[in-house]
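The structure appears below as structure tokens.
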Amino acid sequence: MESHSAEKDDSVIEIRGGSLSVTESNTDCDGDHLPPPPPSAPADGSRFEEGDKVLAKHKGRFYEAKVLEVAYEDNEWNYYVHYIGWNKSWDEWIGHECALEHTEENIEKQGVNQGVKSAMAWRVSKMKPRCPNVARGRKRKQDSVDEVVAPMEENLVPSDNLLTFNIPPALRKQLMDDCEFVTQMQKLVELPRSPNVDDILKKYTDSKMKKDGRISNSVEEILKGLRCYFDNALPVMLLYNNERKQYEETVSGDVSPSTVYGAEHLLRLFVKLPELLIHVKMAEETLKELQDEFVDILRYLRNNQSSLFVSTYKAVEEMEKEEN
């Protein structure tokens, strides 16, 4: 039977084979079907929540990031992330396939660019003990200062992550005097030192708090990492040969070098930092933040040089007499 239809309001009444049916007409969408309702989020929820730390993929590489927002769209979970150590202008939405759990295994596997905390984590675990880079067995010359201050160039490789900061002239002279006392005059810094490295970093923190009114989390991580580097690097690369016996007699058990040694050996660490951090992958902003903080600490050492560094070194025999 031929089909007839009649229009009534916004509905279409169709008569087919003696039966009546009514269908709604979508006059607001030019005849297109209404879109289906948005899919509901899976009951098991998202892998990550707001505030979680993750590894986020950007242009083929993974970076440390923090989840700022979570949304379920296009049948998948999406995350609005902030890349740690980068300007917030880089914040973006990523899909679930671009987010990994923040674990040491994933960091190592993906070669993640690291923020301040990771960058300052001690990673040089199998270094052979050796003396600081100095010219020995000859009189001190002004042009030999770079042999004391600069890292060993043969151990460095071209890198965008190379730390570059200048040690102030007054502290460069301090390094030269330190080298001459120990290697040529056979005199040592009397231990334990006061103030020690822990005391110096605490004094620096207090001065920064007084000046800025606050200490950022990144500065705290840098100072914590600097202390860790000092404790691990001192027996490996911050001692001259004739200082080793003194170290073995003074530092034992659970004693940390940072509670025994002072500004003289802390300054030697700054000579080595570019060499120690050269293989650490980090964002450009993290690198700049480290450099700026190191420069500020060196400025503090220079401004308080008379109270932080010893004025006289002592011969071993002289120290032994005083002990008896």
Side-chain angles (χ1 to χ4, degrees), residues 85 116 119-120 124 130-136 140-183 189 195 197 200-201 203-205 207-208 211-212 216 218-219 221-230 233-234 236-240 258 261-311:
V116 166
M120 288 305 293
V124 188
R130 51 190 172 85
C131 295
N133 308 321
V134 294
R136 289 177 294 172
R140 185 179 74 174
K141 296 180 181 179
Q142 186 60 34
D143 61 2
S144 68
V145 66
D146 288 336
E147 295 185 45
V148 179
V149 177
M152 293 179 64
E153 294 182 359
E154 60 267 27
N155 286 340
L156 300 181
V157 296
S159 171
D160 293 335
N161 286 347
L162 182 61
L163 283 169
T164 55
F165 53 83
N166 293 321
I167 295 180
L171 295 183
R172 290 166 70 91
K173 184 179 183 301
Q174 182 77 45
L175 283 165
M176 293 298 299
D177 291 340
D178 177 59
C179 173
E180 183 173 290
F181 277 124
V182 178
T183 64
V189 174
V197 170
I200 293 171
L201 296 181
K203 289 175 182 290
Y204 170 75
T205 301
S207 69
K208 201 170 183 69
K211 177 183 176 182
D212 302 333
S216 67
S218 60
V219 169
E221 292 296 344
I222 290 173
L223 295 178
K224 188 187 302 181
L226 194 64
R227 180 185 185 276
C228 181
Y229 264 76
F230 181 83
L234 184 120
V236 177
M237 56 170 55
L238 302 183
L239 295 175
Y240 294 100
S258 56
Y261 289 83
E264 300 76 24
H265 292 78
L266 177 61
L267 185 56
R268 296 182 195 177
L269 174 64
F270 279 90
V271 176
K272 292 295 185 179
L273 280 175
E275 179 182 344
L276 291 172
L277 292 171
I278 192 170
H279 296 298
V280 177
K281 297 176 182 177
M282 66 184 94
E284 183 178 347
E285 285 195 3
T286 301
L287 179 67
K288 185 179 185 305
E289 191 171 6
L290 286 177
Q291 289 185 165
D292 291 346
E293 193 60 32
F294 292 158
V295 168
D296 197 48
I297 295 172
L298 286 170
R299 187 183 299 116
Y300 176 80
L301 293 178
R302 181 199 63 196
N303 292 341
N304 297 275
Q305 191 170 355
S306 61
S307 62
L308 297 180
F309 292 85
V310 294
S311 56

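Taking 4.5 Å as the limit, every side-chain heavy atom of K272 sits out of range of all side-chain heavy atoms of Y229. In this structure, K208 and Y300 have side chains that are not in contact, with every pair of non-hydrogen atoms separated by 4.5 Å or more. Residues Y240 and D178 are in side-chain contact: their nearest non-hydrogen atoms beyond the backbone lie under 4.5 Å apart. V189 places none of its side-chain heavy atoms less than 4.5 Å from the side chain of F181. Using a 4.5 Å heavy-atom threshold, the side chains of I200 and L301 count as touching. No side-chain heavy atom of N304 sits less than 4.5 Å from a side-chain heavy atom of K203.
Donor-acceptor pairing under 3.5 Å is recorded for the side chains of D296 and Y204.
The CG atom of L269 sits 5.5 Å away from atom CG of L238, with the distance rounded to the nearest 0.5 Å. Between the CZ atom in R302 and the CD1 atom in I167 there is a gap of 12.5 Å [rounded to 0.5 Å]. Rounding to the nearest 0.5 Å gives a distance of 6.5 Å between CD of E264 and CD of Q174. A distance of 11.0 Å separates OG1 in T164 from NZ in K288, rounded to the nearest 0.5 Å. Here NE2 of H265 is found 15.0 Å from CZ of F270. Values are rounded to the nearest 0.5 Å. Between the CG atom in L266 and the CG atom in L234 there is a gap of 10.5 Å [rounded to 0.5 Å].
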I would like to know whether L223 and I297 meet side chain to side chain contact (heavy atoms under 4.5 Å, CB included); could you show each step before the answer?
CA-CA 10 Å; L223 295 178; I297 295 172; 3.8 Å; yes
L267/F309 under side chain to side chain contact (heavy atoms under 4.5 Å, CB included): CA gap, chis, key distance, verdict
CA-CA 10 Å; L267 185 56; F309 292 85; 4.0 Å; yes
Step-by-step side chain to side chain contact (heavy atoms under 4.5 Å, CB included) determination, L171 to L175
CA-CA 6 Å; L171 295 183; L175 283 165; 5.8 Å; no
Report the C-alpha distance between L226 and E293 in whole Å, list the side-chain angles of each, state the deciding distance to 0.1 Å, and finish with yes or no for side chain to side chain contact (heavy atoms under 4.5 Å, CB included).
CA-CA 11 Å; L226 194 64; E293 193 60 32; over 6 Å; no
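The minimum heavy-atom distance between S307 and P195, with the atom names listed, is O-CD, 4.0 Å. Scanning both residues, R227 and L201, for their nearest heavy atoms gives CB-CD1, 4.0 Å.
Within 6.0 Å of atom CG in N166, 12 or fewer heavy atoms from other residues, nucleotides or ligands are found, so the atom counts as exposed in its surroundings.
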